Number of protein chains: 2
Amino acid sequence: MTRAGRPQSTTRAELSTLAIDLFTERGFDETSVDDVAAAAGIARRTLFRYFPSKNAIPWGDFDGHLGKMRDWLAATPGDLPLDEGLRRALIAFNEVPEVEHEHHRRRMQLLLEVPALQAHSMLMYHEWRQIVAAHVAQRLGREPGAHLPQSIAWQLLGVSLAAYEQWLSDPASDLLTLLDEGCAVLSAGLPGTSADVPLR
Amino acid sequence: MTRAGRPQSTTRAELSTLAIDLFTERGFDETSVDDVAAAAGIARRTLFRYFPSKNAIPWGDFDGHLGKMRDWLAATPGDLPLDEGLRRALIAFNEVPEVEHEHHRRRMQLLLEVPALQAHSMLMYHEWRQIVAAHVAQRLGREPGAHLPQSIAWQLLGVSLAAYEQWLSDPASDLLTLLDEGCAVLSAGLPGTSADVPLR
DNA sequence: ACTATAATGGCACCGGGTGCAAATTCAAGG
DNA sequence: CCTTGAATTTGCACCCGGTGCCATTATAGT
């Protein structure tokens, strides 16, 4: 059954963590792809078979993780309000086992603070947004490509990224709490609205 | 008075429109920087003095345009609800004179549909978000770097990008109307919430 | 051992981006 | 008219990310 040929000499995950270490120590721009390949003991050409680009390396197996987001949303009870379903899925998606906390933080620090990676992340989040939009569309009885679902997906992404930025800038903060706060704003709408009590 | 040296041989705006033409015709990835330079009649090296990267070329003078966003927000009457002020500034920022409609559409089509440019746009919008966050912070009496202002800025960016995507995908649609719809969601919060009438 | 299979690795090549130093073009002053 | 100085343009060498191609290597099954 085990279809054979030469076995892989390493894994995406291994390479990703190794690279994150290097990038964090020496800096992303200052570390060349050759450096990573050399440290991993493989050829540069091979590294590009594990990852499509240097920017993709710190992401590890994000696509695999995306599947979970889809599953959580699909498993959302139908009687749950839309915002509550989104909130729970978002929390679940960003929950990380205690042991991996430090590693997760370092990875996200790279992804959110290195300009090249910041930019690249938008390509990664495209699929994530489509998953969210599809769920919202289904709940609201619209097309996945319609304006409302797409807008909500973008806004939820905004909530996530703002929470992550805050989390990274304040070591004492808790990521899930921040995500919760963001969701609250998204659910209830902007403060200081005509519907609200006057500000002063 | 005119402090002299050799005069510039062209302008950012000229190069930008020329390049947008080329990129639209032949494709962004298929058009090399040398092609653009050749078409403009300047050296490749010189082109990189007008723009810091190939990705920046289609943006033209975006930084200058950013100043207007700051001005509109600063000029917002203090008695206007927060959401209404943001809505008006967003509309004003994205209003384009009739004559430039076609050009604007082609530019945005590139910026939103070419992956490399999609990614790069996040770096461009960073400053835009900070402007919005600063305004929100001032209105709400918080620090510009605080979570709430940053989250709202991210969400407003999401509203903008969703509107633009919709506008590009549907030629019959009106951009300002779409922006308005997005702002409405942001103001009022998500539909299908526990606070709303049950869905069916 | 032999073969099919699947991964690794070396090499040449392309395109974006930069540092550096020389060449160009203008205004102003002697 | 010629020089000087400022600001811009340009050519060149070089680095790095990324790809196409093909040979090489390591495994499983016969």
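Predicted model, so just to flag it, every value in this text is computed and none were measured. Just so it is clear: chains get the letters A, B, ... in the order the sequence lines come, proteins before strands, and each one is counted from 1.
For A:F48, the side-chain atoms get nearest to D:dG18 when compared with the rest of D:dT10, D:dG18, D:dT9. Listed nucleotides: D:dG20, C:dG16, C:dG19. Nearest to the side chain of A:R45: D:dG20. For B:R44, counting side-chain heavy atoms from C-beta on, the closest listed nucleotide (D:dT25, C:dG16, C:dG9) is C:dG16.
Rounded to whole Å, atom C1' of D:dT9 lies 16 Å from atom CZ of B:F51. We find that CG of A:N55 is positioned 16 Å from P of C:dG16, with the value rounded to whole Å. Counting to the nearest Å, the C1' atom of D:dC15 and the CD atom of A:E30 are 14 Å from each other. Going from atom NZ of B:K54 over to atom P of C:dT18 covers 15 Å, rounded to whole Å. In this structure, B:R49 places its CZ atom 18 Å from P of C:dG16, rounding to the nearest Å. With rounding to whole Å, B:R12 atom CZ is found 11 Å from D:dT9 atom P. If you take CZ of A:R6 and C1' of D:dA23, they are 12 Å apart, rounded to a whole angstrom. Atom CG of B:D35 and atom P of C:dG15 are 9 Å apart (whole Å).
In this structure, B:R88 fails the cation-pi test against B:W72, since its NZ or CZ atom is not both closer than 6.0 Å to the six-membered ring centre and inside 45 degrees of the ring normal.
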task = Determine, stepwise, if the pair A:H147 / B:W167 fulfils ring pair (Phe, Tyr, Trp, His ring centres under 6.0 Å).
result = CA-CA 9 Å; A:H147 186 208; B:W167 176 59; over 10 Å; no
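In this structure, B:Y50 reaches the D:dT9 phosphate: one of its side-chain N or O atoms is under 4.0 Å from OP1 or OP2. Between C:dG15 and B:S32, no contact under 4.0 Å exists linking OP1 or OP2 to a side-chain N or O.
Counted by atom type alone, A:S151 and A:Q155 present one or more donor-acceptor pairs between their side chains at under 3.5 Å.
Under the side-chain contact (heavy atoms from CB on, under 4.5 Å) test applied with B:F23, the options B:K54, B:E30, B:Q109 reduce to a single match, B:K54.
Nucleotides of DNA chain C nearest to B:S53 and B:P7 differ in position, and the one nearer the 5' end is that of B:S53.
Within 4.0 Å of A:T46, counting heavy atoms only, lies at least one base atom of the nucleic acid.
Applying the 6.0 Å contact sphere to CZ of B:R142 captures no more than 12 heavy atoms from other residues, nucleotides or ligands.
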